[in-house]
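Numbering of ligands and ligand atoms starts at 1, following listing order.
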Amino acid sequence: MSRIDLVDLNKSYGIFEVISGLNLSIEDGSFTVFVGPSGCGKSTLLRMIAGLEPITGGDVRIDGNRVNDASPIERGVAMVFQNYALYPHMTVEQNIGFSLRMAKFGKTEIAERVSEAAKTLQITDLLKRKPAQLSGGQRQRVAIGRAIVRDPQAFLFDEPLSNLDAELRVSMRVEIAKLHNKLGATMIYVTHDQTEAMTLADKIVVMRHGAIEQAGSPAVLYNDPANMFVAGFIGSPRMNFLRASASANGVVLAAGPVLPMPVSDQSDLRVGIRPEHFIVQGESSRFDMHVDVVEYLGGTRYLYGTAPSGEELIVEARDLGSVRAGDSVPVGFQPDQALVFSGTGDRIRTERQ
Ligand SMILES: Nc1ncnc2c1ncn2[C@@H]1O[C@H](COP(=O)(O)OP(=O)(O)OP(=O)(O)O)[C@@H](O)[C@H]1O
Ligand SMILES: [Mg+2]
């Protein structure tokens, strides 16, 4: 286990700055997830922590020690990649034990560690097979096994599940959560999948253009995003952003409702409301939505349509079997669940928020 501190971290490729002045503390034994759009620097940052990518400026500290110039082995971190990178000619057993053989561990010690890792990952009966004889999920377990045997201070995962089908992703996600509970090791995990981020993380770090937009618990990022970018990135389907302006009465949505919030006079506002915070046929702050498409998902359904302002809208409607495409339905929301943003995307907090 170990604590990791990133201090004023910079990374440039030539004149192109990929990571700029990044500061982050990762607690000992925590599960931290990096999310952000493609190209924002997630893999680069992970590789800098791992020791696979030279650092242009700032420090990576593990348990207080500057490790900028240390090798991955010296740092005590192990990385698991998206493409597994298993040796095709070696058996599962040999793949898992490879780094220990390289590090000149004794035969008995290697056998014990491999057997223990295989037990944890429930792949004991696959040890004699070659990677080509495994399913995607099994290969992923072997890749994790290779990291586990090294007994690292920290595990770094770069989109480890993105090659798996939807069902397998869910079960491997649960396996990774169990593994974290069992090993208690610090884990840093990069993903595009925001369900993975929400369910696995103690702390989610939302990145954009090589910088942190916001870092916090899933609940804080979901309920109290610092800006429109984070609000739009966390949550699926995405938060609705509706045009509004401030008046003496409060925030007036182009769609009609008025939020009784004192906001200083600004004409270009956005009001964010999550699909699940709408109440179909609700009483408060309501307007009519024209429904274009009804998406039925079993336990719930999503209505896709337009507000009276012509703005597109996604609304979650539970238990409402009678709504059909082409209908007009009144939708409402609780004013205190609506978030207000400036035209540039900064959060405007009201007294209650
Ligand atoms: N060796 C390199 N030389 C120059 N630019 C690079 C190099 N490696 C990465 N980059 C650039 O750095 C930026 C960040 O890349 P990175 O791989 O960290 O993104 P990412 O957030 O992991 O994206 P994705 O979600 O697509 O995996 C990108 O613009 C990329 O093109
Ligand atoms: Mg990447």
Side-chain angles (χ1 to χ4, degrees), residues 4-24 26 31-60 67-69 71-72 75 77-86 136 139-140 143-144 146-147 152 154-166 168-169 172-173 176 186-201 203-216 218 221 225-236 238 345:
I4 300 173
D5 290 294
L6 311 178
V7 186
D8 295 332
L9 214 52
N10 276 285
K11 172 73 188 178
S12 300
Y13 292 109
I15 56 159
F16 183 49
E17 194 169 59
V18 182
I19 301 290
S20 42
L22 188 143
N23 287 283
L24 182 69
I26 294 165
F31 201 119
T32 300
V33 175
F34 294 164
V35 294
S38 185
C40 73
K42 305 179 295 294
S43 296
T44 304
L45 184 59
L46 207 61
R47 292 168 58 81
M48 288 163 82
I49 299 170
L52 299 169
E53 196 73 64
I55 293 164
T56 311
D59 285 343
V60 173
V67 296
N68 291 31
D69 305 314
S71 71
R75 293 182 195 199
V77 300
M79 191 148 161
V80 178
F81 300 92
Q82 174 181 352
N83 57 7
Y84 321 139
L86 302 179
R139 276 178 218 163
Q140 188 60 69
I144 296 171
R146 284 198 312 195
F155 287 85
L156 310 180
F157 295 94
D158 195 354
E159 307 206 39
L161 307 184
S162 56
N163 286 337
L164 305 179
D165 69 42
L168 205 49
R169 278 183 87 114
M172 281 302 294
R173 188 174 85 208
I176 288 178
T186 308
M187 292 189 173
I188 309 178
Y189 189 101
V190 171
T191 182
H192 268 104
D193 181 329
Q194 67 104 30
T195 312
E196 275 176 26
M198 289 297 281
T199 53
L200 287 171
K203 186 194 269 179
I204 299 180
V205 178
V206 180
M207 292 176 62
R208 178 163 64 157
H209 302 321
I212 296 176
E213 288 284 320
Q214 191 176 4
L221 266 58
N227 54 45
M228 217 162 111
F229 181 80
V230 173
F233 207 86
I234 301 292
S236 172
R238 197 166 174 265

J.: Would you mind running through ligand 1 and noting each atom that sits below 4.0 Å from a heavy atom of H192?
T.: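 Near H192, the atoms of ligand 1 are 25 (O).
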J.: For atom 15 (O) of ligand 1, what's the nearest protein heavy atom and its distance?
T.: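 Looking at atom 15 (O) of ligand 1, the protein heavy atom closest to it is T44 OG1, 3.6 Å.
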J.: Under the rule for side chain to side chain donor-acceptor pair (under 3.5 Å), what residues qualify as partners of N10, not counting sequence neighbours?
T.: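 In terms of side chain to side chain donor-acceptor pair (under 3.5 Å), with neighbours along the sequence ignored, N10 is linked to no residue.
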J.: For atom 4 (C) of ligand 1, is the nearest protein heavy atom under 4.0 Å away?
T.: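 Yes, at least one protein heavy atom sits under 4.0 Å from atom 4 (C) of ligand 1.
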J.: Between the side chains of E213 and N227, is a donor N or O closer than 3.5 angstrom to an acceptor N or O?
T.: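 N227 and E213 do have a side-chain donor-acceptor pair below 3.5 Å.
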J.: Around atom 30 (C) of ligand 1, find the nearest protein heavy atom and jot down its residue, atom name and distance.
T.: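 Looking only at protein heavy atoms, the one closest to atom 30 (C) of ligand 1 is F16 CE2, 4.7 Å.
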J.: Could you walk me through whether M79 and D158 pass the side-chain contact (heavy atoms from CB on, under 4.5 Å) test, one step at a time?
T.: CA-CA 8 Å; M79 191 148 161; D158 195 354; 4.1 Å; yes
J.: I need the nearest protein heavy-atom contact for atom 25 (O) of ligand 1: residue, atom name and distance, please.
T.: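 Checking every protein heavy atom, the shortest distance to atom 25 (O) of ligand 1 gives K42 NZ, 2.7 Å.
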J.: For F34, what residues pass the ring-ring contact (aromatic ring centres under 6.0 Å, His included) criterion, not counting sequence neighbours?
T.: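 None.
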J.: Got the closest protein heavy atom to atom 9 (C) of ligand 1, with its distance?
T.: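 Looking at atom 9 (C) of ligand 1, the protein heavy atom closest to it is Y13 CE1, 3.6 Å.
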J.: Is there side-chain contact between D59 and D8, with at least one heavy-atom pair below 4.5 Å?
T.: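 Heavy-atom side-chain distance check fails, nothing below 4.5 Å.
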J.: Under 4.0 Å, heavy-atom basis, I'd like to know which part of E159 is in contact with ligand 1: side chain, backbone, both or neither.
T.: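 Side chain only.
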J.: Could you grab the distance from atom OG1 of T186 to atom CD1 of I49, nearest 0.5 Å is fine?
T.: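 Here the rounded value is 11.0 Å.
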J.: Say whether V18, considering both its backbone and side-chain N or O atoms, lies within less than 3.5 Å of an N or O atom on ligand 1.
T.: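 In this structure, V18 places no N or O atom under 3.5 Å from an N or O of ligand 1.
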J.: Spell out the protein N/O/S atoms under 2.8 Å from the Mg ion (ligand 2) as residue plus atom name.
T.: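 Only S43 OG fall inside 2.8 Å of the Mg ion (ligand 2).
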J.: Going by heavy atoms in the side chains, are S38 and H192 under 4.5 Å from each other?
T.: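 Of all side-chain heavy-atom pairs linking H192 with S38, at least one is under 4.5 Å.
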J.: Looking only at heavy atoms, what is the nearest atom pair of Q194 and F233, with distance?
T.: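 Of all heavy-atom pairs spanning Q194 and F233, the closest is OE1-O, 4.0 Å.
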J.: Looking only at distances, please establish whether an N/O atom of ligand 1 is found under 3.5 Å from an N/O atom of G39.
T.: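 There is such a contact, yes.
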J.: M48 and side chain to side chain contact (heavy atoms under 4.5 Å, CB included): which single residue from L52, L46, T44 fits?
T.: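 Exactly one pass, corresponding to T44.
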J.: May I ask whether atom 1 (N) of ligand 1 is less than 4.0 Å from at least one protein heavy atom?
T.: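 Under the 4.0 Å cut-off, atom 1 (N) of ligand 1 does have protein heavy-atom neighbours.
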J.: Go through the structure and list residues passing salt bridge (charged side-chain N to carboxylate O under 4.0 Å, His left out) with D193, not counting sequence neighbours.
T.: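 Expected list: R169.
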J.: Which residue and non-hydrogen atom of the protein lie closest to atom 26 (O) of ligand 1, and at what distance in Å?
T.: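 Result for atom 26 (O) of ligand 1: S38 OG, 2.5 Å.
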J.: Counting C-beta onward and ignoring hydrogens, is there a side-chain heavy-atom pair between I188 and V205 closer than 4.5 Å?
T.: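 No, their side chains stay 4.5 Å or more apart.
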J.: Is any side-chain heavy atom of E159 closer than 4.5 Å to a side-chain heavy atom of E196?
T.: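 Answer no - side chains too far apart.
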J.: Look at atom 22 (O) of ligand 1 and find which of S43, G36, G210 reaches it with the closest heavy atom.
T.: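 The residue whose heavy atom sits nearest atom 22 (O) of ligand 1 is S43.
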